[in-house]
Protein chains: 2
Amino acid sequence: MKIGQLAKRARTPVETIRYYEREALLPEPQRSAANYRHYQQQHLERLLFIRQCRALDLSLAEIRTLLEVKDNPNAACDTANQVLDEHIQHVETRIHELQALAQQLRQLRSKCHSEKAASDCGILQSISKSNATPMPSSSHIK
Amino acid sequence: MKIGQLAKRARTPVETIRYYEREALLPEPQRSAANYRHYQQQHLERLLFIRQCRALDLSLAEIRTLLEVKDNPNAACDTANQVLDEHIQHVETRIHELQALAQQLRQLRSKCHSEKAASDCGILQSISKSNATPMPSSSHIK
DNA sequence: TAAAAACCCTGTACCAACTACAGAGTCAAG
DNA sequence: CTTGACTCTGTAGTTGGTACAGGGTTTTTA
């Protein structure tokens, strides 16, 4: 099948497929006389694997590691487990960060419910609360 | 003060300050005879505002909007509220997405606890489960 | 006072993971 | 046989910076 067909079947933009090839995640397919790419079932499966991993928010580097394990049927899948464990950690950390963030944002938002002028807006004032590191006492502002 | 001083007081890399200037978030400061940037207290305050917003994960575009409101003391702070509301929505959506993701990842991880060969690894097999859009019946795979 | 260290300048390239062209060639349908 | 849909390569843009290279300037130290 040609690249457009593959793109449809994997719900992936054509440019992205070419990008994965450049990144060596997808092997170079055969070419027709007119230099068109021609793909096999294998390519589709590999592309779906990549897209599934991307949907799980794995980075291309992580996916590359998984593909290497996959390409090496005798290798222990140890490495794949490790990639996944680290990624789970990463996602959970990010969730906690975002939860703290949302809390801060809601608190900030609560400071202004009316349509005040900007100069009176509790939100803009709160964000502006100074956070500067003081100058060392020996120096002075020019 | 010179850029290095400003950088220290706002705990912001020098390059980032110059970048904000290029992005027109910070106004161009005066220059010395040797073409060095010289900043005032105002610049520090504005930079701290930007950094505080970044810590809240607001995009530079969102920050630009907030700064415009701030620069216009007579404007209603309406727009600032709206930016914040949308951002809170955005963060909360992302939290839910990541929670679903973490769940999927944990489930996937549970499929392989031993050090099997890659070809037997439940994880790699699970990710590979086909997801392709079928070809229309009229067409065929070349 | 002179050399060395620390600072500053512009401009460019790089990161991830694509996306969006431009400009040219190829193929299928009517 | 022309029109439109597809494909090709190559390059640039996205976000929010970071990291030089290759200069000039200022401050510190010997």
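All figures in this text were calculated on a predicted structure; none of them were measured in a lab. Proteins come first, then strands; the chains are lettered A, B, ... in the order of their sequence lines, and each starts at number 1. Any value given below was found using the heavy atoms of this structure, including those in side chains, with hydrogens, waters and symmetry copies removed.
When each of D/dT9, C/dC18, D/dT18 is scored by its nearest atom to the side-chain atoms of A/Arg31, the top-ranked nucleotide is D/dT9. Taking the side chain of B/Arg37 as heavy atoms from C-beta on, and the options D/dC8, C/dT10, D/dA19, the nearest nucleotide is C/dT10. Comparing atom distances between the B/Asn35 side chain and each of C/dC9, C/dT19, D/dT26 picks out C/dC9 as nearest. Listed nucleotides C/dT19, C/dC18, D/dG17 differ in distance to A/Arg51; the shortest reach to its side chain belongs to C/dC18.
Without hydrogens or angle criteria, A/Thr65 side chain to A/Ala61 main chain gives a donor-acceptor distance under 3.5 Å. Side-chain atoms of B/Ser110 do not come within 3.5 Å of backbone N or O of B/Leu108 as any donor-acceptor pair.
For the pair B/His38 NE2 and C/dC8 P, the interatomic distance rounds to 9 Å; values are reported in whole Å. B/Tyr36 places its OH atom 11 Å from the C1' atom of D/dG23, with the value rounded to the nearest Å. When the C1' atom of C/dC7 is taken as reference, atom CD of B/Gln5 falls 11 Å away, rounded to whole Å. Regarding A/Leu6, its CG atom lies at a distance of 15 Å from the P atom of D/dC6, rounded to whole Å. For A/Ile3 and D/dT9, the CD1 to C1' distance is 12 Å, given to the nearest whole Å. Rounded to whole Å, atom P of C/dA17 lies 5 Å from atom CZ of A/Arg54.
For CD of A/Gln42, the number of neighbouring non-hydrogen atoms (other residues, nucleotides, ligands) closer than 6.0 Å is 12 at most.
The side-chain heavy atoms of B/Val69 and B/Leu66, taken from C-beta on, include no pair separated by under 4.5 Å. Contact of the B/His43 side chain with the B/Pro27 side chain is registered, since non-hydrogen atoms from C-beta on lie closer than 4.5 Å. For the pair B/Thr16 and B/Arg51, the minimum side-chain heavy-atom distance is below 4.5 Å.
Near DNA chain D, meaning a heavy atom under 4.0 Å from it, residues 83-105 of chain B has no residue at all. Only B/Arg18, listed by number, bring a heavy atom of residues 16-27 of chain B to less than 4.0 angstrom from any atom of DNA chain C. In the region residues 55-63 of chain A, proximity to DNA chain C at under 4.0 angstrom, judged on heavy atoms, holds for A/Ser59, A/Leu60.
Seen from the ring of A/Tyr39, A/Lys2 does not count as a face-on cation partner, given the 6.0 Å and 45° thresholds.
We find that B/Arg18 and B/Glu23 are not joined by a salt bridge, their nearest charged nitrogen and carboxylate oxygen being 4.0 Å or further apart. The pair A/Arg46-A/Asp71 counts as a salt bridge, with a side-chain nitrogen and a carboxylate oxygen less than 4.0 angstrom apart. The pair B/Glu28-B/Arg37 fails the salt-bridge criterion, with no side-chain N (NZ, NE, NH1 or NH2) lying under 4.0 Å from an Asp/Glu carboxylate O.
The nearest heavy atom of DNA chain D to B/Arg64 and to B/Ser32 marks one nucleotide each, and the one closer to the 5' end goes with B/Arg64. Nearest-nucleotide assignment on DNA chain D puts the 5′-proximal partner with A/Lys8, out of B/Ala33 and A/Lys8.
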